[in-house]
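Below you'll find the structure, written out as C-alpha cells, and then a few comments.
Note: hydrogens, waters and symmetry copies are ignored here, and every other heavy atom, side chains too, is used.
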Amino acid sequence: MKIVLAPDSFKESMTAAQAVAAMRAGIRSVLPDAECVGVPMADGGEGTVDAVVDALDGERVTQEVRDPLGRPVRAAYGYVADRSLAVIEMASASGLELVAPSDRNVLRASTFGVGQLITSALDRGATELLIGLGGSATNDGGTGMLSALGAVFTDIDGTVLAPGGAALARLQHIDTTGLDPRLAGVRIRIASDVTAPLLGISGASAVFGPQKGATPADVALLETALTRLVEVTDSTLGHARPDRPGAGAAGGLGFGLLEYLGAECDPGVEVIAQTVGLEQTLRGADWVFTGEGSVDAQTMLGKTPFGVARMAVRAGARVVIFAGQVAPDADVLLANGVEKLVAITAPGTPIERALREGPAALARAAAEVCRAL
C-alpha cells in the first residue's frame with residue numbers, strides 16, 4: 001500500500017515536515033510495511049519556505065532587511081542550489097506580524113525588505129524565484145520592493161517619494177533604468193490564494209486595508225494612490241493591468257511583480273505542488289493524507305488540503321484530511337472528492353494543550369484511520 005503524506009503546517013503546533021513525521025509514525029505503528037512518501041506542502045502563506053526547503057533538501061538563508069516601517073529585521077528565505085531556486089515569503093520581511101498593533105501604519109508600510117531579499121537571492125545565483133504573498137502589512141503596490149531593486153519613484157518636483165502607499169498619490173514619474181539587470185534572466189512565480197484585483201471594491205485597499213488598520217479615510221487615500229500608480233505605470237511601461245487576478249495580493253505587491261518584473265501568478269497550492277513534484281509522487285498512490293490546523297468550507301477556496309485532494313483524486317487515490325479543528329460546514333469537502341475528515345483534537349481541549357500535543361495527536365489519529373483501513 002502506498003500512502004502519500006502531503007499536509008500543510010498546523011499553525012503554531014507543527015511544521016509541514018513535522019506533520020509528515022507524525023503521520024508516518026502513526027501509519028507505521030499499524031501498517032509497518034506501508035510505503036509512506038512524505039511531501040511537505042504549503043499554499044504560498046506561512047510555511048512555504050519550510051515546505052519547499054524540506055521537500056527539496058534546500059537551505060535557509062538569513063538576511064538583515066528593513067521591516068515594513070524601515071527598521072532592521074532578520075528575515076529568512078529558502079535556497080535550493082541545484083535548481084538555482086529561491087523561495088521567499090514576503091511576510092518574513094514585510095509581514096503584519098512584524099509590527100506591533102500599536103505601531104501599524106498601512107499608509108507608510110513598505111515592501112522594501114522584499115526587494116532586499118530578492119537582491120540577496122540574486123547574489124546567490126538564483127535564476128528562479130518563488131514568492132509567497134500571504135500576511136502583508138503593506139499597501140504600496142510593490143513600489144518599496146521595486147525601489148530596493150533600483151527603480152525610482154518621484155513627485156512633480158523630482159523629489160523621491162517617501163516609503164508607503166499614501167505617498168503614491170503624489171507620484172509623477174517612475175524611472176526603471178536602474179532596475180537590477182539580473183532580473184531579466186530570472187523566472188518569477190507568485191504563490192498566492194488571493195485573486196483580488198488591485199483596485200475597486202474587491203481590491204487591495206478596500207478588502208485588505210482594514211485588516212491592516214486602515215480607516216475608511218485611509219482606504220480612500222490608498223485607493224487614490226494606487227490608481228495614480230496604475231496611471232503612471234501605464235505611461236511608463238505602455239501597459240498596466242490592475243484587473244489581473246492576484247494584482248491586489250499583499251497590498252498590490254502582486255501588481256508590482258506582474259507588471260514590472262513579468263511574474264507569473266497561479267494558485268499557491270498549485271505552484272508549490274509543481275515545485276516539489278507532488279503530481280509525480282501521487283502516481284500509484286492508494287491513499288493521500290493531508291491537512292492543516294483547521295478546515296471549513298473556506299478550505300475549498302485555494303487552501304492546501306483541498307488543492308492536494310483535487311490532485312489526489314485525479315491520480316486515482318483516496319483522500320483523508322486531518323485538522324486540529326473541523327468545522328461543521330467542512331462537510332462540503334466530502335462531496336468534493338474527500339473520503340474522510342478527521343479532527344485530531346477532542347472538543348473542549350484547551351488551545352495551549354492542543355498546540356503543544358499536536359504531533360502526538362496527529363500520530364494517534366493517523367493510526368486510528370489505518371486501523372479502519
Side-chain angles (χ1 to χ4, degrees), residues 9 11-12 44-50 60-77 88-120 131-149 151 153 155 159-171 192 194 196 198 203-226 228-229 248-257 293 351-352 355:
S9 61
K11 191 172 183 179
E12 298 183 55
E46 180 184 7
T48 295
V49 167
D50 287 340
R60 290 166 180 79
V61 180
T62 301
Q63 178 74 33
E64 184 174 291
V65 300
R66 297 186 197 175
D67 80 354
L69 299 182
R71 304 168 301 191
V73 66
R74 302 292 291 179
Y77 65 93
I88 295 171
E89 292 176 25
M90 76 83 59
S92 68
S94 304
L96 193 62
E97 293 188 359
L98 296 176
V99 185
S102 60
D103 293 334
R104 289 173 185 170
N105 187 337
V106 69
L107 297 179
R108 69 182 189 92
S110 171
T111 52
F112 193 90
V114 178
Q116 291 178 297
L117 289 181
I118 292 173
T119 297
S120 176
I131 304 178
L133 299 191
S136 76
T138 56
N139 206 96
D140 71 351
T143 55
M145 170 202 68
L146 293 167
S147 296
L149 293 170
F153 299 81
D155 64 15
T159 302
V160 176
L161 295 178
L168 296 172
R170 305 192 313 277
L171 179 64
S192 174
V194 173
L198 182 67
S205 303
V207 174
F208 304 106
Q211 298 174 14
K212 304 168 189 179
T215 66
D218 293 339
V219 169
L221 173 57
L222 290 168
E223 184 73 5
T224 297
L226 290 182
R228 182 60 183 158
L229 174 62
L253 178 59
F255 177 80
L257 288 164
I351 185 66
E352 297 82 2
L355 295 174

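Here the CG atom belonging to N139 is positioned 10.0 Å from the CG atom belonging to D218, to the nearest 0.5 angstrom. With values rounded to the nearest 0.5 angstrom, E12 atom CD is found 10.0 Å from E352 atom CD. Atoms CZ and CG, from F153 and L171 in turn, are 7.0 Å apart once rounded to the nearest 0.5 Å. Summarising the geometry, atom CG belonging to L107 is positioned 11.5 Å from atom CG belonging to D140; distances are rounded to the nearest 0.5 Å.
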Handout entry: Verdict with reasoning, V99 to N105, per side chain to side chain contact (heavy atoms under 4.5 Å, CB included)
Key = CA-CA 9 Å; V99 185; N105 187 337; over 6 Å; no
Problem - Stepwise side chain to side chain contact (heavy atoms under 4.5 Å, CB included) check, S92 with Y77 - result: CA-CA 8 Å; S92 68; Y77 65 93; 5.8 Å; no
Problem - Step-by-step side chain to side chain contact (heavy atoms under 4.5 Å, CB included) determination, S205 to L226 - result: CA-CA 9 Å; S205 303; L226 290 182; 3.6 Å; yes
Exercise for the section: Could you please spell out the steps behind the side chain to side chain contact (heavy atoms under 4.5 Å, CB included) verdict for D103 and R71? Expected result: CA-CA 12 Å; D103 293 334; R71 304 168 301 191; 3.8 Å; yes
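Proximity of a side-chain donor or acceptor of K212 to a complementary backbone N or O of T138 within less than 3.5 Å is detected. The backbone N or O of R66 sits less than 3.5 Å from a side-chain atom of Q116, completing a donor-acceptor pair. Between the side chain of R170 and the main chain of D155, no donor-acceptor pair closer than 3.5 Å is present. In this structure, the side chain of E89 engages the main chain of T48 through a donor-acceptor pair within 3.5 Å.
Between A204 and G248 the shortest heavy-atom distance is CB-O, 3.4 Å. In terms of heavy atoms, P68 sits closest to A137 at CG-CB, 3.9 Å. In this structure, L168 and R228 approach most closely via the heavy-atom pair O-CG, 3.4 Å. Of all heavy-atom pairs spanning F208 and A196, the tightest one is CE1-CB, 3.9 Å.
By the side-chain contact (heavy atoms from CB on, under 4.5 Å) test, V73 pairs with V65, D67, L98, sequence neighbours left out.
Contact of the L257 side chain with the L133 side chain is registered, since non-hydrogen atoms from C-beta on lie closer than 4.5 Å. For the pair T143 and T111, the minimum side-chain heavy-atom distance is 4.5 Å or more.
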